[in-house]
Amino acid sequence: MKTKLSDNMQGAILMAACMASFAINDALIKSSSAFFPLFQAIFLRSLFTTGFLGLMALRKKVRLQGISKADWKLILLRSAGEIIGAFFFLYAVFNMPLANATAILQSMPLAVTVGAAIFLKEPVGWRRYIAVIIGFIGVMIIVRPGTEGFTHYSFYALAAVVFIVTRDLATRRISKAVPSFLVSFITSVGITISSAVMLLFVDWQPVTLENISILFAASIFVIAGYVLSVSSMRVGEIGFVSPFRYTILIWSMLLGVIVFGDIPDVWMLVGSAIVVSMGIYTFYRERKVMAKLQNSGKMT
């Protein structure tokens, strides 16, 4: 007799698969640095991604009409955050160990917590503020400014966090009437156009079947990541499923060792453990506070 997995376990598996897809995408993009400059790699990958999303938009008969001016401003702000954040993060990935760049990016939920409190006036208690402070200490342990193991490319990963937080805060304010698929498509178009403009300042490298296949595969995995991300959030409880996004660190470490020969040092592992544990605690506290607000109608 077959035992059916619970909704929470299904959601957890989908989230882990989502993070594996994103990690493989990042590893493929890093591999493409042997053939292409950053902006050419982003442009070629985004051509595949935008083309696929465009075909899906036509199939779903997604239309631009009916979007309010306020939503358009938020969509453009979100797109700008996504575009600049992607450029900074992938530049870091091109030039430093994949696991280290990924670990720094995992501070994003902590930064979103602070950003939501400052800009969206969302209630944040002292416990989460302490978790945020400890989490950023973990980031500094990974970065280690002023030490022999320091690389200035870490600051590009930190800059990516700032812009991706901007993206997420803008996303929270976009009205639910605007389809998520449409927002993703507009963002992808923005990345394609902006990377095309940046190509004016770099030397175009020859495109062969071998090197373009790497970016085609990257586009497949990034699209799979988007689809699995949505699916995982629709199965099980968010508070149970969300922490499994940190499995991307495991995938990134494995890919870093197997593909690039990058073995994480003790400080990177310690810093990552601190960031992940504080991130999970923040998820837990946020769900607990939301439950109290729903039950009592006020902050307790």
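Please read these numbers as outputs of a predicted model, since none were measured by experiment.
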Next on the checklist: As a quick check of understanding, evaluate side-chain contact (heavy atoms from CB on, under 4.5 Å) for L77 and R173, giving each step before the final call.
Outcome noted: CA-CA 11 Å; L77 177 61; R173 301 300 296 270; over 6 Å; no
Item to check | With V222 via side-chain contact (heavy atoms from CB on, under 4.5 Å) - residues at least two apart | outcome: F22, N25, R45, T49, Y226
Item to check | Candidate pair L110 and V139, rule side-chain contact (heavy atoms from CB on, under 4.5 Å), full reasoning | outcome: CA-CA 11 Å; L110 301 172; V139 172; over 6 Å; no
Item to check | Check: T102 and F89 side chains under 4.5 Å, non-hydrogen atoms | outcome: yes
Item to check | Worked check of side-chain contact (heavy atoms from CB on, under 4.5 Å) between S194 and F87 | outcome: CA-CA 10 Å; S194 56; F87 286 160; 3.6 Å; yes
Next on the checklist: For F88 and Y156, take the angle between the two ring planes, folded into 0 to 90°, and tell me which bin it lands in: parallel under 30, tilted 30 to 60, perpendicular over 60.
Outcome noted: tilted
Checklist entry - Do W251 side-chain atoms and S21 backbone N/O form a donor-acceptor pair below 3.5 Å? => result no
Checklist entry - So L158 and F155, side-chain contact (heavy atoms from CB on, under 4.5 Å) or not? Walk me through it. => result CA-CA 5 Å; L158 284 170; F155 288 121; 3.8 Å; yes
Checklist entry - For the side chain of T50 and the backbone of S188, is there at least one donor-acceptor N/O pair under 3.5 Å apart? => result yes
Could you tabulate the donor-acceptor pairs under 3.5 Å formed by side-chain atoms of residues 257-269, not counting sequence neighbours?
{"residue": "D265", "atom": "OD1", "partner": "W267", "partner atom": "N", "Å": "3.3"}
{"residue": "D265", "atom": "OD1", "partner": "M268", "partner atom": "N", "Å": "2.7"}
{"residue": "D265", "atom": "OD2", "partner": "R144", "partner atom": "NH1", "Å": "3.3"}
{"residue": "D265", "atom": "OD2", "partner": "R144", "partner atom": "NH2", "Å": "2.8"}

Next on the checklist: For the CZ atom on F221, are there more than 12 heavy atoms of other groups (residues, nucleotides or ligands in this structure) within a distance under 6.0 Å?
Outcome noted: no
Checklist entry - Closest heavy-atom contact between I186 and S79? => result CG2-OG, 4.1 Å
Item to check | F35: which of L215, I214, L44 passes side-chain contact (heavy atoms from CB on, under 4.5 Å) | outcome: I214
